[in-house]
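First the structure, in the form of structure tokens, and then the observations on it.
By convention here, the first residue in the shown sequence is residue 1.
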Amino acid sequence: MYDLTVLRERLRKQRPVPWEQLPDFSLYMDQVLSYMDRQVIRFDEDDGLTAAMVNNYTKSGLVPRADGKKYGRDHLAYLTAICVLKRVMSTRDMDLLIKEEIQGDRPIADGYAAFCASLDKALNIAADEMEDRTGDDELADAAIHFALMSYAAGVASSRYVSLLRQRKQAQEAEASPRGKEKSKKDKERD
């Protein structure tokens, strides 16, 4: 199957460029959209990034505001993560994870590198799983197999996101004046 061979090779080889290879100069929107087409694996024209999507991601706070009408490395890192994650999770969950993974307490370059390393592992696992599923008569079985792998990974991801959200809420409650007061009272009782 030619399409499957091409896909398997793309899963093995096509990766977002490392931080150091992202353009170190600003890009306009049309350049960003063109660049992002090379950052992620796509087969359909319908699943590409659009200017409206970038604007919506910016308005929602998922992506930092552009400097005028220009986008830099930070924007490309965020958009790369979004283009990958949008296929498997909600914007709300993406927001939480991107803020934790790419921003957090570390430089964006480090968060982007960690994201790319995880993506690399996942793409290699999928390519390896495809090795034994190449015949025309196995298309349905292979599709079910990958759907079930996606389901299992989605369940695990959802649970991790839930635990992360609970931890963040507890930290926010603790940091609030009311939370500090409650914590002080709890300590006084002990």
Side-chain angles (χ1 to χ4, degrees), residues 1 3-19 36-50 52-63 75-106 108 110-135 137-172:
M1 302 235 53
D3 283 346
L4 295 177
T5 302
V6 170
L7 173 59
R8 190 171 57 247
E9 286 307 306
R10 287 180 74 184
L11 288 171
R12 290 201 188 285
K13 295 178 181 176
Q14 187 174 341
R15 300 290 188 271
V17 298
W19 177 263
M36 292 310 300
D37 280 342
R38 295 185 301 267
Q39 281 287 87
V40 297
I41 297 172
R42 290 187 31 216
F43 279 96
D44 298 324
E45 292 299 317
D46 296 340
D47 66 351
L49 187 67
T50 65
M53 293 164 84
V54 173
N55 290 332
N56 288 337
Y57 295 141
T58 302
K59 286 178 187 172
S60 70
L62 237 119
V63 175
H75 298 99
L76 295 174
Y78 281 97
L79 290 169
T80 298
I82 290 166
C83 285
V84 170
L85 295 175
K86 73 178 182 165
R87 296 184 65 101
V88 295
M89 67 178 37
S90 70
T91 302
R92 179 177 179 246
D93 289 349
M94 275 194 297
D95 183 51
L96 177 68
L97 292 177
I98 288 172
K99 286 179 178 163
E100 189 74 18
E101 184 76 4
I102 293 184
Q103 289 175 334
D105 294 331
R106 60 181 163 184
I108 292 173
D110 293 348
Y112 178 73
F115 174 83
C116 288
S118 290
L119 177 61
D120 184 58
K121 287 178 188 175
L123 293 173
N124 284 330
I125 289 168
D128 290 346
E129 288 283 323
M130 287 182 71
E131 285 293 328
D132 298 328
R133 294 171 175 83
T134 56
D137 56 335
E138 298 175 0
L139 290 177
D141 288 341
I144 288 172
H145 172 77
F146 285 105
L148 295 175
M149 293 291 291
S150 179
Y151 166 76
V155 168
S157 175
S158 292
R159 186 63 185 141
Y160 278 97
V161 168
S162 177
L163 293 171
L164 181 59
R165 186 167 279 113
Q166 289 172 9
R167 185 180 77 190
K168 297 258 315 159
Q169 289 170 345
Q171 290 170 344
E172 290 169 1

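Residues satisfying the side chain to side chain donor-acceptor pair (under 3.5 Å) criterion with Glu9, sequence neighbours excluded, are Lys13. Under the rule for a side chain to side chain donor-acceptor pair (under 3.5 Å), the partners of Asp128 that lie at least two apart in sequence or sit in another chain are Arg12. Residues satisfying the salt bridge (charged side-chain N to carboxylate O under 4.0 Å, His left out) criterion with Glu138, sequence neighbours excluded, are absent altogether. Residues forming a side chain to side chain contact (heavy atoms under 4.5 Å, CB included) with Phe146 (at least two apart in sequence, or on another chain): Glu129, Met130, Arg133. Under the salt bridge (charged side-chain N to carboxylate O under 4.0 Å, His left out) criterion, Arg167 pairs with Glu100, sequence neighbours left out. Gln166 pairs by the side chain to side chain contact (heavy atoms under 4.5 Å, CB included) definition with Arg159, Ser162, Leu163, not counting sequence neighbours. With sequence neighbours left out, Lys59 forms a salt bridge (charged side-chain N to carboxylate O under 4.0 Å, His left out) with no residue at all. By the side chain to side chain contact (heavy atoms under 4.5 Å, CB included) test, Ser150 pairs with no residue at all, sequence neighbours left out.
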Show every donor-acceptor pair shorter than 3.5 Å between a side-chain atom in residues 118-126 and any protein atom, with sequence neighbours excluded, or say none if there are none.
residue, atom, partner, partner atom, Å
Ser118, OG, Ala114, O, 3.4
Asp120, OD1, Arg15, NE, 2.5
Asp120, OD1, Arg15, NH2, 3.0
Asn124, OD1, Arg15, NH2, 2.9
Asn124, ND2, Asp120, O, 3.3

Distance-only donor-acceptor pairs under 3.5 Å for side chains of residues 83-96, two or more places apart:
residue, atom, partner, partner atom, Å
Arg87, NH1, Asp47, OD2, 2.9
Ser90, OG, Asp93, N, 3.1
Asp93, OD1, Arg165, NH1, 3.2
Asp93, OD1, Arg165, NH2, 3.2
Asp95, OD1, Lys99, NZ, 3.1
Asp95, OD2, Lys99, NZ, 3.2

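The minimum heavy-atom distance linking Val63 with His75 is given by the pair CG1-CD2, 3.8 Å. Here the closest non-hydrogen pair linking Val17 and Tyr112 is O-OH, 2.7 Å.
Remark: side-chain polar atoms of Ser60 are paired, donor with acceptor, to backbone N or O of Asn56 under 3.5 angstrom.
A salt bridge (charged side-chain N to carboxylate O under 4.0 Å, His left out) check over residues 140-151, counting only residues at least two apart or in different chains, returns nothing.
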